[in-house]
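To start, the structure itself, in structure tokens.
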Amino acid sequence: MNTHLLIQLLVNGLVVGTLYGVVAMSFVLIYKATQVVNFAQGELLLIGAWVCWALLAKYQVPFYVGMPLTLVFMFAFGIAIQIVVLRPMIGEPIISVIMVTIALSTVFQATLKWIFGVNPQPFPQIFTSQSVSIGGLQIQTVYVMSLVVSIAMMIGMAWFFKVSKYGLAMRATAFDQQVAQSLGISVKSVFAMAWAISATVSAVAGVVVAVVNGVSSGLSAYGIKVFPAAILGGLDSIGGAVLGGIIIGLLENIAQYIDSEYLHWGNLYEIAPFYVLIIILMIKPYGLFGTKDIERI
Amino acid sequence: MANASLIPAGDFRTSYAADTTIFPTKTSRNTAILGVILIAFAPLVLTGYWLSVLIQIGIFGIAALGLNILVGFTGQISIGHAAFFLLGAYTSAYLNNNLPIPVFFTIPIAGVITALVGLVFGVPAARLKGLYLVIATLAAQYILIDFFSRAEWFSGGSVPASANPFSLFGYTLRGDKSYFYVVLAYLLVSYLLVTNLMRTRDGRALVAVRDHYLSAEIMGINLTKYRTLSFGLAAFFAGIAGALYAHYQLVVSNEGFGIERSILFLAMIIIGGIGSISGTLMGTAFVVLLPEAMEWISMELKGGTIDRALQLNNNLTFLREIAIGLIIIAFLVFEPDGLAHRWRQIKAYWKLYPFSH
């Protein structure tokens, strides 16, 4: 038993898991508010990361200017996608809506490869010190930063939905669109805002991942990993999504540990979440915290 | 009315048989038969390039047909179709390489085995619907592809598996010209089978499940059975198509059968028309020809100003993906019923010409 490796992997899992949690949270946000399953979530992450990279590395903008610019861009971008592509799809069958987001992800993915090329790019150095020592463990600064940013975003999101007026309007829309509309909430703007916030939050996660691993099209894999996470927690539970993300992150790394120590299959950590996903769907079809769909005839 | 050579003005149907008939008139039946005969002469006229395009349309058309049973008729959605296609390809190659079974038999056997695996993944599908199901099929895609890259005894692992050319009782067919007929035969049989399936109780049950599954269940349709069945059927056709593809390419590898290929299959049926059998083939032709057409356009533009400004030729793969994505979106937004609907409108226009509208 290699304790050091195990702890290292668990820390790794926690960090990656909170990131999954953040992305899953923004995925669930769109689903809850607009009933759209967003297959382009990973691409939103990727766009955020590339835009930030371009600002920092190509145009030599300092980080404290580049990051807010990225966020503003992603906010506008989210609204634009909702208005241009998703708004005409309101009222269409769910299959069409899912297909539109799948097609969007193809378009984004290919466009980004066209603009930025296929080679991974290192992110400019942001921190001066490489690692900090916490309780005898050497942890990379970027990991600490990633954890802090993720938790801050989760708290921000919780505050937004619990306290702020707009968050309450969003929850009301998610609960019942007609009632929300009759109470004077603009459902249109709530939809657009859901996409905008989701895109912005994903972009933050994207930049964090980019700082840790560099920017490459592989980043959009986070969008795929979101599904096990969101399903685990239940598609319409934001808290569940966060927890699901952390569980998936830990699980991946535990799978990697078992793999490297005992099984030697290779690549187990990539596929393990999907096996878990199938098992969960067989046992609890609505996830751990999802609301069960009771249908009235 | 069924034997008249032209449809009378107005839509007179006096029996259920007349309503479900495939060819409403003699003319339409004869045209269809003539069309098949004409296509059968294609290898004598066409060059190798066009023949290979036609074969691809045929093979992918069968796979897309399976997907259309699942998506178009049963209202389930799958983004793991490419994995089943690949499973059929590997299975057929494996059976033919390791057991003394000629390719003629391994193709249907591969279809059946793929269908069985499809049923396994269809079991959770029976309990799930909508997006939970999408995600289950997404998992199927990743799990199967991962299995292929791992199982060296089955698929050769990282080395592509080889497949033998089509053979029957010691007689081997070589070259595109003869393989064209194999694909054509499979294509005809598949499309006839599915067209007839939709005229039976089982076919109507699938449509009922799509339209309103609660009402369907109340009317005595076994939801679990039909949802699982449609998964099995979709996998079956994917398996057949995959097996045909394996013995056409003579080599099978994971390359190009990721999630993008599954999306491409969905694009075929969306462009062709969800829930339309003839549309499936139109959509497949569209999706197969689109990259070819882009290739010609970029060849035309090669060296020109536009080419140099946008570096079109270097980035053709990406442009192809962008085009596919944009076309899917455009069809979903502007023409949700696909090419099949457009075709019906064109027919209606000429039927009433010059008094349309």
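We use all heavy atoms of the structure for the numbers below, so side chains are in, but hydrogens, waters and symmetry mates are not. Just so it is clear: chains get the letters A, B, ... in the order the sequence lines come, proteins before strands, and each one is counted from 1.
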To the nearest 0.5 Å, tell me how far B/Ile77 CD1 sits from A/Ser96 OG.
8.5 Å

At what distance, to the nearest 0.5 angstrom, does CD1 of A/Ile224 lie from CD1 of B/Ile259?
5.0 Å

Among B/Ile79, B/Leu138, B/Ile143, B/Val71, the residue with the most heavy-atom pairs under 4.5 Å to chain A is B/Ile143

Closest non-hydrogen contact found for A/Ala103 with B/Gly325 is CB-O, 3.5 Å

In this structure, CD1 of B/Ile263 is separated from CZ of A/Phe39 (nearest 0.5 Å) by 8.5 Å

Say you draw a straight line from CG of B/Leu266 to CE of A/Met99; how long is it, rounded to the nearest 0.5 Å?
4.5 Å

Decide yes or no for B/Glu321 and A/Val107: does some side-chain heavy atom of the first lie under 4.5 Å from some side-chain heavy atom of the second?
no

Quick one: what part of B/Ile270 sits under 4.5 Å from any heavy atom of chain A, side chain, backbone, both or neither?
side chain

Looking at A/Leu112, A/Val85, A/Val100, which makes the most heavy-atom pairs under 4.5 Å with chain B?
A/Val100

Output all residues satisfying ring pair (Phe, Tyr, Trp, His ring centres under 6.0 Å) with A/Trp195, sequence neighbours left out; order by chain, then residue number.
none

Per-residue contact mode, B/Ile324 against chain A (heavy atom under 4.5 angstrom)
neither

Interatomic distance, CZ@A/Phe274 vs CD1@B/Ile145, rounded to 0.5 Å, equals 12.0 Å

dist B/Ile329:CD1 -> A/Thr106:OG1 (nearest 0.5 Å) comes out at 8.0 Å

